[in-house]
Structure formats: structure tokens, C-alpha cells
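The shown structure was predicted, so the numbers you read here are calculated from the model rather than taken from an experiment.
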Amino acid sequence: MAMASFMAGDDFMLKLSRLETDMEMIAKKAIYAGAKVVADAMKINLKGVLSDEATGELVEAMGITPIKLLGGQWTAKIGFDGYDANGVAYQLIARILESGTSTRKKKPFMRKTMNQVKKQVAEVMTQVIDEEMKKIFG
């Protein structure tokens with residue numbers, strides 16, 4: 001049986017080494033770009049379901065968690081932090097808007113957002129990864 005031998009050049013090995021070193025940065029950059037698309041769209045949709053009397057505090061309470069590696073997957077969450085002037089958690093207010101209660105009609109904005117931007121998020125994340133790979137591999 002004929003066999004061929006192949007040895008990677010120094011330049012190639014250097015690029016692979018840099019890719020390994022930069023992997024975390026690339027993952028975080030891509031996830032943040034995708035999370036920003038979701039957060040921006042969610043703020044617009046949230047404003048659309050709030051009443052005219054809303055203070056805007058709920059929109060301001062929304063943010064993106066730090067990006068972490070959990071169970072082998074890079075992840076970030078978009079959610080609400082803090083309490084309103086009456087001591088009610090913004091997370092609870094958002095959940096009531098999204099799911100409704102026995103006395104309040106639901107006004108979904110989270111599900112609507114995710115359905116709207118799913119494809120755009122994947123495209124943005126892929127674009128960031130491709131750009132970063134081009135910087136490494138040329």
C-alpha cells in the first residue's frame with residue numbers, strides 16, 4: 001500500500017495555534033453580536049406592548065448577561081434586573097406581560113422577538129466568525 005506523508009508548515013501551525021488561543025474571544029464576540037440583535041429587537045417589541053403611561057424603566061432594566069461557557073456551550077442571556085418603585089421585580093413584570101395572568105391578557109414580546117430575529121442572529125454570528133477567521137487565516 002502506498003502512503004503519502006504530509007507535514008504542516010510553520011505558518012500553518014502558527015495560524016492553528018492562534019485560532020486555539022483566540023477561540024474564546026471569537027466565540028464571545030459572535031455571541032455578543034447575536035445577543036445584541038435580539039436585545040435591540042426585544043426593546044422595540046417591548047415598547048410596543050407597554051401602555052402609554054409606562055415609565056420606560058422596564059425597557060431600561062433589560063440587559064445581556066456576561067457571556068459564559070456552560071455545559072460546553074457558550075451562552076448569554078437577555079433578561080431583566082432590578083425592581084420598580086413599588087418593589088416589584090422587573091423579571092415578574094416582564095413575565096406577566098409575556099404570559100399574562102388570570103386578570104391580565106398576555107402581550108408576548110419575547111417569543112415574537114425570537115421568531116423575528118432567529119435567522120438574522122445566525123447570520124450575524126456567522127459573519128463575525130468569518131471575519132475573525134479571515135484575520136487569522138488571511
Side-chain angles (χ1 to χ4, degrees):
M1 177 188 322
M3 296 180 78
S5 177
F6 176 78
M7 184 179 243
D10 290 340
D11 187 47
F12 182 75
M13 295 305 292
L14 180 63
K15 288 177 181 180
L16 283 180
S17 175
R18 181 164 171 221
L19 178 60
E20 182 179 0
T21 303
D22 292 350
M23 188 69 71
E24 181 175 334
M25 180 275 303
I26 294 169
K28 286 182 176 182
K29 196 170 185 179
I31 290 171
Y32 181 76
K36 184 175 180 336
V37 169
V38 174
D40 290 347
M42 194 173 294
K43 283 184 180 186
I44 292 167
N45 287 334
L46 175 57
K47 289 176 185 177
V49 300
L50 294 174
S51 69
D52 293 335
E53 295 83 36
T55 63
E57 291 176 0
L58 184 60
V59 176
E60 293 301 315
M62 192 181 86
I64 302 170
T65 64
I67 299 166
K68 296 179 182 176
L69 184 62
L70 297 173
Q73 292 187 343
W74 289 101
T75 183
K77 296 179 182 179
I78 299 168
F80 299 86
D81 189 33
Y83 299 85
D84 71 3
N86 299 317
V88 179
Y90 288 123
Q91 288 177 331
L92 178 60
I93 296 168
R95 182 174 174 189
I96 289 169
L97 282 171
E98 182 72 16
S99 303
T101 67
S102 60
T103 59
R104 294 188 110 176
K105 185 178 176 183
K106 65 181 176 179
K107 298 178 180 180
F109 64 97
M110 290 183 217
R111 276 175 273 163
K112 178 181 177 181
T113 301
M114 295 311 294
N115 290 335
Q116 286 175 336
V117 300
K118 188 181 285 188
K119 184 177 179 181
Q120 184 182 359
V121 168
E123 289 171 357
V124 166
M125 291 176 68
T126 299
Q127 181 180 359
V128 168
I129 292 167
D130 289 347
E131 288 171 4
E132 294 302 317
M133 298 294 277
K134 283 179 187 172
K135 288 178 188 176
I136 295 170
F137 290 104

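- Between V117 and A41 the shortest heavy-atom distance is CG1-CB, 3.6 Å.
- In this structure, CZ on R111 lies 12.5 Å from CG on N45, to the nearest 0.5 angstrom.
- Between the CD atom of Q91 and the OH atom of Y83 there is a distance of 7.5 Å, given to the nearest 0.5 Å.
- Using a 4.5 Å cut-off between side-chain heavy atoms of Ile, Leu, Val, Met, Phe, Trp and Tyr, with links allowed through other members, V128 and L69 fall into different hydrophobic clusters.
- In this structure, NZ on K43 lies 10.5 Å from CG on L58, to the nearest 0.5 angstrom.
- Electrostatic pairing of E132 and K135 counts as a salt bridge here, judged by a charged N lying under 4.0 Å from a carboxylate O.
- L70 is not connected to I64 by any chain of hydrophobic side-chain contacts under 4.5 Å among Ile, Leu, Val, Met, Phe, Trp and Tyr, and they are in different clusters.
- When all heavy atoms are compared, the tightest approach of G34 to V121 is O-CG2, 3.7 Å.
- Distance alone, capped at 3.5 Å, places no donor-acceptor pair between the N86 side chain and the V88 backbone.
- Side-chain atoms of E131 and Q127 include a donor-acceptor pair closer than 3.5 Å.
- Two residues are said to be in side-chain contact when any heavy atoms from C-beta on lie closer than 4.5 Å; D84 and Y90 meet this criterion.
- Neither M42 nor I44 shares a network with the other; the hydrophobic side chains, linked directly or stepwise wherever heavy atoms of I, L, V, M, F, W or Y lie under 4.5 Å apart, form separate groups for each.
- Here the side chains of K112 and V49 are not in contact, with every heavy-atom distance at 4.5 Å or above.
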Report task. Please assess L46 against L97 for the test side-chain contact (heavy atoms from CB on, under 4.5 Å), listing each intermediate value before the final yes or no. Result -> CA-CA 9 Å; L46 175 57; L97 282 171; 3.9 Å; yes
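- Taking NZ from K68 and NZ from K28, the interatomic distance works out to 10.5 Å, rounded to the nearest 0.5 Å.
- Other residues, nucleotides and ligands place no more than 12 heavy atoms under 6.0 Å from the CZ atom of R95.
- In summary, K36 and D40 engage in a salt bridge, as defined by a charged side-chain N under 4.0 Å from a carboxylate O.
- Shown here for I31 and W74, the closest heavy-atom pair between the two residues is CD1-CB, 2.9 Å.
- Annotation: D130, atom CG; neighbour count of heavy atoms from other residues, nucleotides and ligands within 6.0 Å is above 12.
- Cluster membership for M125 and I26, using ILVMFWY side-chain heavy atoms within less than 4.5 angstrom, is not shared.
- In this structure, NZ on K77 lies 13.5 Å from CD1 on I67, to the nearest 0.5 angstrom.
- Counting all heavy atoms, side chain and backbone alike, A94 lies closest to F109 at O-CE2, 3.8 Å.
- Residues V38 and I129 do not share a hydrophobic cluster, clusters being chains of Ile/Leu/Val/Met/Phe/Trp/Tyr side chains in contact below 4.5 Å.
- Counting heavy atoms from C-beta outward, T113 and I78 have side chains that stay 4.5 Å or more apart.
- Atoms NZ and CD, from K106 and E98 in turn, are 8.5 Å apart once rounded to the nearest 0.5 Å.
- V124 approaches A33 most closely through the heavy-atom pair CG1-CB, 3.6 Å.
- More than 12 non-hydrogen atoms from other residues, nucleotides or ligands lie less than 6.0 angstrom from CE of M110.
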